Number of protein chains: 2
Amino acid sequence: MSRMTTARALIYETLETTQEHMTAYQVFDAVKPRLPSLNMSTVYRSLEYLTHEGLISVADVGEGMPIYEAVSNTHHHLVCEGCKKILIVEHEQVKGFFEKISQEYDFTIHTNHLILFGLCEKCRRAKENQSEELPKSLHP
Amino acid sequence: MSRMTTARALIYETLETTQEHMTAYQVFDAVKPRLPSLNMSTVYRSLEYLTHEGLISVADVGEGMPIYEAVSNTHHHLVCEGCKKILIVEHEQVKGFFEKISQEYDFTIHTNHLILFGLCEKCRRAKENQSEELPKSLHP
DNA sequence: TTAGAATTTGCATATAATTGCAATTGCAGA
DNA sequence: TCTGCAATTGCAATTATATGCAAATTCTAA
């Protein structure tokens, strides 16, 4: 049977109260003062556990390390590869798609945090201008 | 300026002809005989480069290492957390959703390989039965 | 309340992935 | 075809993550 231990509880509480996404190391730094014996492997294992329990979500934002956050208000992210800006997508916008896939493939989707990479409007425009205006020899 | 070097070309060619997804290590093993000087860091960097160029796609299947594949026929994956089975989702099924998000958020989506985790029909049913039929004391 | 079984943790170590830097390679222009 | 410079590679660390195992902790049932 699985147990909600001190370490797991503190880690979850931290993510829950912060309401921000954090890397494994940030979680470690935040919890360590209250649980000095805490070890990085416990952090990794606890995050994996909490994810599996559906209490938190992981997402790999591509640059750097994966981020974890409490799943209270389910949402998703658009990550701009140009300026690294992150846009929030409400689950409402995704729900229908998930339901369609679920039905079509008879598959219950657990994933609750989507990360889509691409270009925000500003960076897209910047790129278009660049391609059109620069002389060929200056292309990157 | 970016260059299509021997290493990058061989790595791409391997993924392209294989038409299978491979881990970084599998790519290394496949290319090494034809390019003995090849080094793992080159593999990682080349895979990153090819991904960025849109020639291949990465996907983190959760268990184990991320997998790479040539993007010829764009598709997506459903990964069953019960039996680890992988279902293929045609891009046709996803296209509409991407377009909607693109418009709504004025964001050009580059992501071309979605991985959704969950339970296939068989495992879902197995789990339902388990919850209903087992006496409380035998629960995991 | 406590004993005992089972899960979880810390530690040490292994594996995966990333990075700085010098040497090498590829390409545009002569 | 050759040259020079910028991009890429290999190597040797470094950092991030995962894992085996013994010790510690948690929970159930008596």
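A note on names: the letters A, B, ... follow the listed sequences, proteins ahead of strands, and every chain is numbered from 1. Keep in mind the model is a prediction, meaning the values are calculated, not measured.
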Q: Less than 4.0 angstrom between a side-chain N/O of B:Thr42 and OP1 or OP2 of D:dG10, yes or no?
A: yes
Q: Rounded to the Å, how far apart are A:Lys32 NZ and C:dG10 P?
A: 8 Å
Q: For B:Ser37 and B:Leu35: C-alpha separation, side-chain torsions, deciding distance, then whether side chain to side chain contact (heavy atoms under 4.5 Å, CB included) applies.
A: CA-CA 6 Å; B:Ser37 71; B:Leu35 185 65; 4.2 Å; yes
Q: Can you check whether any acceptor in the base of C:dA6 is under 3.5 Å from a donor in the side chain of A:Arg3, or vice versa?
A: yes
Q: Output the rounded distance in Å from OH (B:Tyr25) to C1' (D:dA18).
A: 13 Å
Q: A:Leu10 has an atom CG; how far is it from atom P of D:dT25, in whole Å?
A: 15 Å
Q: Whether B:Arg34 and B:Glu13 form a salt bridge (side-chain N of Lys/Arg under 4.0 Å from carboxylate O of Asp/Glu) is what I want to check.
A: yes
Q: Given atom CZ of B:Arg45 and atom P of D:dA7, what is their separation to the nearest angstrom?
A: 15 Å
Q: If we ignore hydrogens and angles and just use 3.5 Å, is the side chain of B:His110 paired with the main-chain N or O of A:Gly118 as donor and acceptor?
A: no
Q: By nearest nucleotide on DNA chain D, pick out whichever of B:Ala7 and A:Glu48 is the more 5' one.
A: B:Ala7
Q: Using a heavy-atom cut-off of under 4.0 Å over every strand shown, decide if B:Ser41 touches base, sugar-phosphate, or nothing.
A: base
Q: In this structure, how many angstroms lie between the C1' atom of C:dT7 and the OH atom of A:Tyr49, rounded?
A: 11 Å
Q: Please state how far atom CG in A:Leu47 lies from atom P in C:dT8, giving the value in whole angstrom units.
A: 15 Å
Q: Between the main-chain N or O of B:Leu50 and the side-chain N or O of B:Arg8, is there a donor-acceptor pair closer than 3.5 Å?
A: no
Q: Which nucleotide, C:dG26, C:dT9, D:dT8, lies nearest any side-chain atom of B:Arg8?
A: D:dT8
Q: Looking at side-chain heavy atoms only, is the closest gap between B:His77 and B:His75 below 4.5 Å?
A: yes
Q: Do any side-chain nitrogens or oxygens of A:Tyr44 fall under 4.0 Å of OP1 or OP2 in D:dA18?
A: no
Q: Respond yes when some side-chain nitrogen or oxygen of A:Asn39 is under 4.0 Å from OP1 or OP2 of C:dC11, and no when none is.
A: yes
Q: Write down the distance between CE (A:Met40) and P (D:dA18), rounded to a whole number of angstrom.
A: 10 Å
Q: Looking at A:Ser37, I'd like to know whether one of its side-chain N or O atoms comes within less than 4.0 Å of OP1 or OP2 on C:dT9.
A: no
Q: Starting at atom CG of A:Leu38, determine the distance to atom P of D:dA24, rounded to an integer number of angstrom.
A: 18 Å
Q: Under 4.0 Å from OP1 or OP2 of D:dT8: is there any side-chain N or O of B:Ser46 that close?
A: no
